[in-house]
Amino acid sequence: MGYNRLDMSEYRPQAIEEKWQQRWRDSRAFEVTEDRARPKFYCLEMFAYPSGHAHVGHVRNYMIGDVMARTKRMRGFNVLHPFGWDAFGLPAENAAIKNGIHPETSTLANIAHMKGQLQRLGISYAWERELATCMPDYYRWNQWLFLRMFERDLAYRRRSTVNWCSSCQTVLANEQVVDGGCWRCHTLVTNRDLEQWFFRITHYADELLSAIDTLTDWPEKVLTMQRNWIGRSEGARIRFPLVDPSGTGGSTDIEVFTTRIDTIYGATFVLLAPEHALVERLAAESADPASLRASADRFRRQERSARITGDAEKEGFSTGRFALNPFTGEQVPIWVANFVLGEYGTGAVMAVPAHDQRDFEFATKYRLPIRVVIQPEADGAQPLDAAVLTAAYSEPGRVVNSGDCSGLWSTDALVTMAEMAERRGIGQRTVQFRLKDWGVSRQRYWGTPIPIIHCAACGLVPVPDDQLPVELPRITEFTGRGDSPLASVPEFVNVPCPRCGAPARRETDTMDTFVDSSWYFYRFCDAKNSTQAFDPATVAYWGPVDFYSGGVEHAILHLIYSRFFARVFRDLGMVNHGEPFARLLTQGMVLKDGAVMSKSKGNVVDPDDMIRKYGADALRLYVMFVAPPEKEVEWTDAGLEGAFRFLMRVWRFVQAWREAVARASGDAIAAGSLSDAERALRRKTHDTIRRVTQDIDPRVHLNTAVSALMELVNELYLFSEQHTTAGATTRRMEEGLAVAGERPETVAVLREAIEALVLMLSPFTPHMAEELWEGLGKSGGIVVEPWPSFDPEVARADEVVVPVQVNGKLRGRITVPADCDEDTIRAAALADPAVAVHTAGRTVKKVIVAKGKLVSIVVQ
RNA sequence: GCGAAAGUGGCGGAACUGGCAGACGCGCUGGACUUAGGAUCCAGUAGCCGAAAGGCUGUGGGGGUUCAAAUCCCCCCUUUCGCACCA
């Protein structure tokens with residue numbers, strides 16, 4: 001066959017990919033140890049929930065990290081790039097309830113499958129450090145940390161109203177309630193009173209907020225979301241004494257939280273949340289307890305569902321009782337209102353209808369008094385009149401009708417009146433956070449057992465460290481009932497109290513899986529440690545994570561919890577930094593038919609299908625090229641074909657020149673005198689090195705890095721066609737043309753270009769790059785090869801083309817020496833015939849020379 | 001409602017500090033090579049006028065700053081995302 005030679009050199013990705021993956025595995029190419037002589041780079045992608053199958057959205061995230069890791073490695077960094085599994089969680093348990101397969105069985109099977117998928121992509125993971133959070137050698141450290149937090153009062157137990165998902169039959173953290181529904185199944189969330197374990201994240205609320213300013217390499221969007229979530233507001237707590245109906249002085253106060261104490265003279269009633277503790281007492285003391293209780297009950301139930309429909313009508317009822325406004329000394333009515341939140345502030349507010357829109361609506365509806373205490377002073381502002389007010393005025397202004405404070409500017413009154421309250425002992429300034437303590441109890445099986453024993457005599461007794469881990473018992477039946485499944489395992493529950501030896505009961509709740517994911521990045525540094533969670537010295541070397549990428553859906557949950565845990569570990573003396581992730585990249589999702597890929601929608605693109613068709617390298621290249629990493633993209637098969645075509649183009653070109661280039665001497669460039677075309681090709685090569693290097697790091701514009709490589713390949717084809725004796729690449733291959741006739745200089749510049757191309761391609765398409773590199777006669781593999789270096793001398797053009805504008809319009813282009821001075825450029829621009837046409841007969845008023853960029857001529 | 005980000009060819013996108021708008025790719029059109037081409041190579045591809053040279057218009061809309069604006073400022077429109085009675 002005449003086409004034998006072409007067949008021999010055809011690009012067959014599958015065989016190549018298997019070969020190199022095997023070599024990397026055999027040589028443990030991506031395992032690392034601490035090496036203080038080299039700068040470290042900790043590159044991490046958010047570990048995976050083993051749902052069963054990876055889709056191309058996963059692929060995109062892992063590729064971003066792999067390009068960074070591989071590039072950094074070539075640039076001399078000691079790169080830690082690990083991977084693992086967020087293996088506990090509800091779906092596995094739900095599946096068990098449905099089909100009877102034990103969560104451990106399905107989880108391990110899913111991990112095995114997904115691991116295979118990822119390995120077929122050739123990601124440069126240090127697989128030796130792989131971890132799965134469902135393994136006792138991982139979760140025992142969750143338990144260890146829980147106990148340290150318990151000792152420090154950072155983990156505590158209290159009865160509380162919790163978010164309850166009736167479908168998942170479990171408690172949800174506030175962060176897991178989305179639009180009033182369960183974040184996972186969207187079922188309407190209801191309330192339930194349970195004894196729950198909490199982590200005191202609010203202890204770090206101020207620091208978690210203020211340190212956001214130090215996260216300069218995080219997306220602004222994520223920082224804003226975290227700021228809002230923590231929600232700090234400065235204000236005051238003020239006590240309104242409850243007026244006893246019998247007239248005798250009661251000792252009860254209603255404490256309200258306000259950020260607008262400057263309006264307190266306008267507080268004409270007090271509002272309680274339906275959940276407020278006083279509501280039950282006032283009901284009991286009222287004439288008709290049953291009716292008040294029923295109304296409060298109705299509000300409590302309404303609360304959650306109202307959020308979904310958006311704005312529930314503001315409703316309330318009077319308790320028939322009064323409180324004393326401590327500033328005015330007036331008796332003000334106490335109402336219960338559905339829009340007052342029990343869990344924020346004190347669960348009670350002073351209502352100032354003239355200056356708060358919600359209070360205004362409420363007062364209008366129920367004909368409660370409205371009193372203006374702030375007057376606007378803007379130009380042309382009409383004085384407010386309570387009788388004709390149509391909306392609350394909530395801007396700053398002049399304080400009026402407010403005793404000694406009248407006449408103050410409202411923002412000053414904020415301070416003055418708070419001080420007055422403190423002096424009089426009726427309140428104090430406080431900072432209130434929206435962030436609440438993290439409820440970590442889950443009444444589920446597939447999670448970390450909480451290492452606490454309940455003893456009738458001793459109370460809450462921690463499991464001694466030397467008895468960790470408390471292993472999950474193997475249970476065989478999954479019913480999905482509301483109680484913790486662990487409660488049905490007597491040999492697990494019934495234990496002697498570690499302190500007094502009396503019969504006691506184990507805690508049967510398990511931990512929220514977000515506990516697992518809040519510190520796994522430390523475990524990766526020292527994944528096999530069997531005596532501690534990690535060696536602090538090792539984490540001191542690797543930490544913090546330098547580059548972290550994952551979905552924006554973790555902007556608050558995982559990323560706040562991890563920042564919290566970093567501080568807990570810091571205060572335990574185990575890490576020396578506060579922020580665990582120096583740089584964060586939130587990658588955009590990959591959509592198919594405009595929707596997120598999911599099994600139920602049937603629009604999942606399986607990477608294995610793509611690998612079978614085009615190879616892993618084409619898939620990798622495509623997902624990097626299609627758009628900037630942060631952007632959402634729509635999957636198209638045509639785009640993947642384009643990436644594959646490009647790789648074939650590279651492959652053919654390198655094959656065509658392989659032998660000639662492998663034999664070439666590197667001296668030819670230095671010794672010989674280059675033709676213009678050869679110099680231009682060198683320039684393109686070095687300019688491409690510069691662009692690709694910067695595009696990858698620090699810019700992480702991986703799509704433009706790829707396009708720069710495509711440009712270089714286009715240039716190489718043109719050069720081969722026009723400036724070599726062999727001519728067109730295809731013919732050269734088909735006819736098996738000899739290479740002997742080529743100028744040594746030509747081969748030398750081609751060699752430089754091809755080598756740089758293959759090296760720079762290697763983070764994107766590592767298998768093909770390795771294969772080509774080997775074909776070029778190189779040994780040792782690209783993974784140990786240094787990144788090509790850019791020579792600004794070579795990249796600099798001798799001549800540059802400078803566009804010339806006349807009155808802002810492009811009129812000509814001049815070619816001048818690159819080191820030309822301004823006067824010469826100006827003269828050349830004015831002399832250019834195309835420019836002269838537009839300046840003829842006019843006065844040149846101004847000539848601006850933007851060095852190396854453009855000449856701008858202003859004429860009149 | 002509040003907050004954030006973004007609007008560029010038929011499509012994905014590029015344009016780094018204000019300096020040639022549309023790189024690179026997809027798609028489309030034409031040509032070469034071919035028994036054939038859905039392979040490959042070459043060329044063209046924002047709109048309008050023009051045979052061409054060239055000219056005019058153009059980065060959601062309107063205004064402004066500047067020699068020069070996709071980029072900076074003001075107003076408006078649209079989309080996406082986040083928060084959503086937080087007192």
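Chain naming here is simple, since letters A, B, ... match the order of the sequence lines and numbering starts at 1 in each.
Using a 4.0 Å heavy-atom distance criterion, P628(A) is classed as a sugar-phosphate-only contact. Using a 4.0 Å heavy-atom criterion, one finds that K631(A) contacts the sugar-phosphate atoms exclusively.
If you take CG of L591(A) and P of rG12(B), they are 13 Å apart, rounded to a whole angstrom. Per the geometry, CG belonging to L647(A) stands 16 Å off C1' belonging to rU40(B), to the nearest Å. Nucleotide rG54(B) holds its C1' atom 9 Å from the NE2 atom of H838(A), rounded to whole Å. Atom CG in L271(A) sits roughly 13 Å away from atom P in rC86(B) (whole-Å rounding). Separating the CE atom of M350(A) from the C1' atom of rC86(B) is a distance of 15 Å, rounded to the nearest angstrom. For the pair F653(A) CZ and rU40(B) P, the interatomic distance rounds to 17 Å; values are reported in whole Å. Nucleotide rG82(B) holds its P atom 13 Å from the CG atom of N228(A), rounded to whole Å. Atom NZ of K221(A) is separated from atom C1' of rU80(B) by 8 Å (rounded to the nearest Å).
Here K809(A) reaches the OP1 or OP2 of rU57(B): one of its side-chain N or O atoms lies under 4.0 Å away. For R434(A), a side-chain nitrogen or oxygen approaches OP1 or OP2 of rA84(B) to under 4.0 Å. Taking side-chain N and O atoms only, S233(A) has a distance below 4.0 Å to OP1 or OP2 of rA87(B). The phosphate of rC56(B) (OP1 or OP2) has a side-chain N or O of R811(A) nearer than 4.0 angstrom. Listed pair Y344(A) / rA87(B) meets the phosphate criterion, a side-chain N or O lying under 4.0 Å from OP1 or OP2.
When Watson-Crick and G-U wobble pairs are counted only if both distances are under 3.5 Å, rC2(B) pairs with rG82(B). In this entry rG38(B) has no Watson-Crick or G-U wobble partner, no candidate having both defining distances under 3.5 Å. Remark: rU65(B) base-pairs with no nucleotide in the shown strands. Criterion, Watson-Crick or G-U wobble with two distances under 3.5 Å. The partner of rG22(B) is absent, by the rule that a Watson-Crick or G-U pair needs both atom distances under 3.5 Å. Nucleotide rA43(B) forms a pair with rU29(B), judged by Watson-Crick or G-U wobble geometry with both contacts under 3.5 Å.
Y265(A) and F327(A) have perpendicular rings, their planes meeting at more than 60° on a 0 to 90° scale where under 30° would count as parallel. Ring geometry for W635(A) versus Y622(A): interplanar angle over 60°, hence perpendicular rather than tilted (30 to 60°). Note: Y11(A) and W651(A) have tilted aromatic rings, judged against thresholds of 30 and 60 degrees for the angle between ring planes.
Classification of E315(A) and K365(A) as a salt-bridged pair fails, no side-chain N sitting under 4.0 Å from a carboxylate O. Taking a cutoff of 4.0 Å between a charged side-chain nitrogen and a carboxylate oxygen, D695(A) and R699(A) qualify as a salt bridge.
Minimum atom distance to the side chain of M225(A) is reached by rG82(B), of the listed rG82(B), rA15(B), rA87(B). The side chain of R652(A) lies closest to rU40(B), out of rC86(B), rG12(B), rU40(B). Comparing rA15(B), rG82(B), rC86(B) by their closest approach to the side chain of H701(A) singles out rA15(B).
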Side-chain donor-acceptor contacts of residues 853-860 of chain A below 3.5 Å, not counting sequence neighbours, with atom names and distances?
none

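Here, rG38(B) and rG30(B) have their P atoms 12 Å apart, quoted to the whole Å. Straight-line distance between the P atoms of rG7(B) and rA15(B): roughly 12 Å, to the nearest whole Å. Comparing the P positions of rU59(B) and rA69(B) gives an interatomic distance of 11 Å, to the nearest angstrom. Taking atom C1' in both rG9(B) and rG60(B), the straight-line distance is 15 Å, to the nearest Å. For the C1' atoms, the distance linking rG37(B) with rA51(B) amounts to 34 Å, nearest Å. Atom C1' of rG58(B) sits at a distance of 11 Å from the matching atom of rA70(B), rounded to the whole Å. Taking atom C1' in both rA39(B) and rC33(B), the straight-line distance is 11 Å, to the nearest Å. Rounded to a whole angstrom, the distance from the P atom of rA23(B) to that of rG44(B) is 12 Å.
Judged by a 6.0 Å distance limit and a 45° cone about the ring axis, R434(A) is positioned over the six-membered ring of W229(A).
Heavy-atom distances to RNA chain B give each of V626(A) and I848(A) a nearest nucleotide, and the one nearer the 5′ end belongs to V626(A).
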Distances under 3.5 Å between protein N/O atoms and the N/O atoms of nucleotides 20-25 of chain B, please, pair by pair.
{"from": "rC20(B)", "atom 1": "O2", "to": "R813(A)", "atom 2": "NE", "distance (Å)": "3.0"}
{"from": "rC20(B)", "atom 1": "O2", "to": "R813(A)", "atom 2": "NH2", "distance (Å)": "2.2"}
{"from": "rA23(B)", "atom 1": "O2'", "to": "E711(A)", "atom 2": "OE2", "distance (Å)": "2.8"}
{"from": "rG25(B)", "atom 1": "OP1", "to": "N714(A)", "atom 2": "ND2", "distance (Å)": "3.2"}

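Anti is the glycosidic conformation of rG62(B), whose angle departs from 0 by more than 90°.
Side-chain atoms of D262(A) do not come within 3.5 Å of backbone N or O of L414(A) as any donor-acceptor pair. A donor-acceptor pair under 3.5 Å links the side-chain atoms of N338(A) to the main chain of E313(A), judged by distance alone.
Judged by atom type and distance alone, K314(A) reaches the base of rC85(B) through a side-chain donor-acceptor pair under 3.5 Å.
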Apply the test salt bridge (Lys or Arg N to Asp or Glu O under 4.0 Å) to residues E715(A) and R683(A): give CA-CA distance (whole Å), side-chain angles for both, the deciding distance (0.1 Å), then the verdict.
-> CA-CA 11 Å; E715(A) 194 87 357; R683(A) 203 149 58 228; over 6 Å; no
